[in-house]
Number of protein chains: 2
Amino acid sequence: MDAVTPPTPRGRTSTKRAAIADALAGFDDFRSAQDVHEAMRRNDQRVGLATVYRTLQAMSDAGELDAMRSESGEVTYRLCSETHHHHLVCRVCGKAVEVRGPAVERWAEAVAAEHGFREVSHLVEVFGVCGDH
Amino acid sequence: MDAVTPPTPRGRTSTKRAAIADALAGFDDFRSAQDVHEAMRRNDQRVGLATVYRTLQAMSDAGELDAMRSESGEVTYRLCSETHHHHLVCRVCGKAVEVRGPAVERWAEAVAAEHGFREVSHLVEVFGVCGDH
DNA sequence: TTTCATGCAAACCATTTGCAAAGTC
DNA sequence: GACTTTGCAAATGGTTTGCATGAAA
């Protein structure tokens, strides 16, 4: 069930891509390519690690996934909603909550404009320890 | 105890440490360990890459440096001011401007509290293309 | 002379890439 | 069949570490 795969980003229909999307759908927080790969293995799905990396990256480029770097520097992904948002991530369990911050968006734009910067993008992540820990 | 290191971050007086700090002082934007190492080489300073990594890391831990990850994932450092702030980084030349954002701080705290998160920290970086490009 | 700092090279680790085999259209 | 996707293994590239040596206290 390709729960999350609009028209294929590009290229042809891929079985693996769907499997990877599904695997990621099984999580509700950010996971690294390695995590996804291991989860699939455990589920008896045979996939190459390189394929997971390639696919996750492609899906991210296609806007299907939300990507961010964990505090340790690895790239982690998660299915994302369509709207722009940021994350509140638990540094113990990885649980991530999507948060909206119109104030932050405006602030970023304003600050950038003030210094003559164009093509502005911003990275905002809030880390903390969630209530379960 | 002495959470905030007095004179030398730890260990004894080091010549290299001073040299590395100087090299970093020559920049006013974020640089990677490799950048610093290369700059020193070019200046006929003989230093091991590992030492640069170790020192930069130690200085960062000691609070003398401000560290952040570039968009490509490398860790970059810069001498930092004492006050909490964020950065507006040019993705073309690396130029970084320190920006203050009380609104953002408050927003982060509020959002975290709202979801029951403790020990909150946040990562906010604004990227763009500066006026020189 | 005991301890910490440094260099060098090897080790690590996440990620990428080359290329031949397998899958799609 | 023509072309794309996958797997595997080898190659990268940033960063860390083990160990012997040199410099401070």
Detail all sub-3.5 Å separations between protein N/O atoms and N/O atoms belonging to nucleotides 8-10 of chain D.
none

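Here the OG1 atom belonging to B:Thr55 is positioned 10.0 Å from the NZ atom belonging to B:Lys16, to the nearest 0.5 angstrom. Once rounded to the nearest 0.5 Å, the distance linking CG of A:Asp132 with SG of A:Cys90 reads 7.5 Å. Between atom CD1 of residue A:Ile20 and atom CE of residue A:Met40 there is a gap of 5.0 Å, rounded to the nearest 0.5 Å.
Overall, the helix from C:dT1-D:dA25 to C:dC25-D:dG1 carries an axis bend of 20° between its ends, with five pairs at each end and the value rounded to 10°.
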Practice task
Please lay out, stage by stage, how B:Glu74 and B:Arg31 fare under the test salt bridge (charged side-chain N to carboxylate O under 4.0 Å, His left out).
Solution key: CA-CA 9 Å; B:Glu74 307 148 85; B:Arg31 297 293 167 148; over 6 Å; no
Exercise for the section: Could you walk me through whether A:Glu64 and A:Arg78 pass salt bridge (charged side-chain N to carboxylate O under 4.0 Å, His left out), step by step? Expected result: CA-CA 9 Å; A:Glu64 294 173 30; A:Arg78 189 178 80 161; over 6 Å; no
Exercise for the section: Go through A:Phe127 and B:Val120 one step at a time and tell me if the side-chain contact (heavy atoms from CB on, under 4.5 Å) criterion holds. Expected result: CA-CA 6 Å; A:Phe127 298 96; B:Val120 185; over 6 Å; no
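We find that CG of A:Asp61 is positioned 10 Å from P of C:dT16, with the value rounded to whole Å. As a whole-Å value, the separation of B:Met40 CE from C:dT6 C1' is 12 Å. In this structure, A:Arg17 atom CZ and D:dT4 atom C1' are separated by 12 Å, rounded to whole Å. Nucleotide D:dG14 holds its P atom 16 Å from the CE atom of B:Met68, rounded to whole Å. Here D:dG13 presents its P atom at 12 Å from CD of B:Glu74, a figure rounded to the nearest Å. Summarising the geometry, the separation between CZ on B:Phe30 and P on D:dG14 is reported as 19 Å, rounded to the nearest angstrom. Rounded to an integer number of Å, the gap from CD of B:Gln57 to P of D:dG14 is 16 Å. Look at CG on A:Asp35: it is 15 Å from P on C:dC13, rounded to the nearest Å.
Looking at the side chain of A:Lys16, the nearest of the listed nucleotides D:dT15, D:dG7, C:dT6 is D:dG7. Side-chain atoms of A:Thr51 lie closest to D:dT6 of the nucleotides D:dA24, D:dT6, C:dT15.
Regarding contacts with the backbone of D:dT16, every side-chain N or O of B:Tyr53 stays at 4.0 angstrom or more from both OP1 and OP2.
In this structure, B:His122 and B:His86 have tilted ring planes: the angle between them lies in the 30° to 60° band.
Identified under the ring-ring contact (aromatic ring centres under 6.0 Å, His included) test for residues 20-53 of chain B, with sequence neighbours left out: B:Phe30-B:His87.
Nearest heavy atom pair, residue B:Ser60 against residue B:Ala67, reads OG-CB, 3.8 Å.
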